[in-house]
2 protein chains.
Amino acid sequence: MQIFFSPFSPYVRKCLVTAHELGLSDRVQLLPSNANPVTRDQDIIAKNPLGKVPTFITDDGVVLYDSRVICEYLNEMGNGSLLPSGGAARWDALTLQALADGILDGALLARYEDVARPEALRWPEWRAAQLDKAQTSLAHLQAHPALLAPGRVDIGTLTVACALWYLDLRFPDFGWRERFAAVAAWYESFSQRPSLQASWALPPA
Amino acid sequence: MQIFFSPFSPYVRKCLVTAHELGLSDRVQLLPSNANPVTRDQDIIAKNPLGKVPTFITDDGVVLYDSRVICEYLNEMGNGSLLPSGGAARWDALTLQALADGILDGALLARYEDVARPEALRWPEWRAAQLDKAQTSLAHLQAHPALLAPGRVDIGTLTVACALWYLDLRFPDFGWRERFAAVAAWYESFSQRPSLQASWALPPA
């Protein structure tokens, strides 16, 4: 299995964390990429016309994307239970994943506003509204402790952890720990999981 | 069942088209919304902290989002086969859905650039790169006729149809039919399905 890799893509990280949880990390080869929101990577486009990471290639040569599809595939390959197979637990895990993906979508747009867009063309209200998705979402997690119950390990909680990792990486001044102590306490413990402590890098060329 | 409704959201439309295909349309009540990328809708946020449509409420009061989760739930409620239950057909349908969702993500960002962002702050290269995702994706569909094979009705093809509807709605000058005749021929036929001919509106207050 192969995946187009970018060290700072939270969606790539989500896939690799998922693979690690399932014991599949060693079977996933990292491929170099230059995904960029404006200068599009033609090597990725040749496999995935959206030109985005993560893009994944199975051992049979089938191309899968995006991170949700890849994670579900990995869960099946590893006979995992990170995506419950049905019923309320499945909708709960998938909706929590969607919440965390939504935090990331907003955070990435705020990041592009900060570093990709020419300075004269930046729109502070847009950036603020994108980051406010993280604010209201973390308030929701803080108010619903069952969502981050101790011992809950599924695609929802793993994606929340990836979202918090990305907020820390790109928005160190966001200061979410002070406002959402219960979420911070959960992350302090949950982020000790080996899958979240692992780091990945391309092998030398 | 209830869904926060916006007549021009392609993701809401995708959910309603899916419900129609499954014979569930009459059971889904439309709720008014004012989703906006900058001025966030607090009524939606009370249910879904991302503040986005579609947001869905089951008959048991469980809140589900986003469109992928809602469509999978509807498929289960309707005992449908719009999401194949496993194997290669499932990965194929889910990846085609991700392709079409990716076209829409880019098209929505281009749309926000055109109408939401103050004119002086617009970045033509960003807008072009977002719409280029549609260009390369339609080229991919044109080059892989099996993806839009006659008679194929699943969450992938339905989402492609919603993406093409949105391109026509917001970017009438995009001119994709001239460049991608096979995709145009497919859409001409596929869009005759009652689910895609249906239209939805909120009942009078």
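Throughout, protein chains are lettered first and strands after them, A, B, ... in sequence-line order, and every chain is numbered starting at 1.
A salt bridge does not link A:D92 to A:R90: none of the charged nitrogens lies less than 4.0 Å from a carboxylate oxygen. A salt bridge does not link B:K47 with B:D41: none of the charged nitrogens is closer than 4.0 Å to a carboxylate oxygen.
Heavy atoms closer than 4.5 Å to chain A are found in the backbone of B:V63, but not in its side chain. Contact annotation for B:E119: neither backbone nor side-chain heavy atoms come within less than 4.5 Å of a heavy atom of chain A. Interface residue B:R40: only side-chain heavy atoms are found under 4.5 Å from chain A. At a 4.5 Å heavy-atom cutoff, the contact between B:Q130 and chain A is made by side-chain atoms alone. Only the side chain of B:E76 comes within contact range of chain A, with at least one heavy atom under 4.5 Å from a heavy atom of that chain. Looking at B:A120, the atoms closer than 4.5 Å to chain A (heavy atoms on both sides) all sit in the backbone: N, CA, C or O. Contacts between B:L109 and chain A at a heavy-atom distance below 4.5 Å involve the side chain alone, from C-beta outward.
Closest approach of A:Y187 and A:W176 over heavy atoms only: CD2-CH2, 3.9 Å.
Note on ring orientation: taking the six-membered ring where Trp is involved, the planes of A:H140 and A:H144 are tilted (angle from 30° to 60°).
The side-chain tip of B:R179 points at the ring of B:F174 from less than 6.0 angstrom away and within 45° of straight on.
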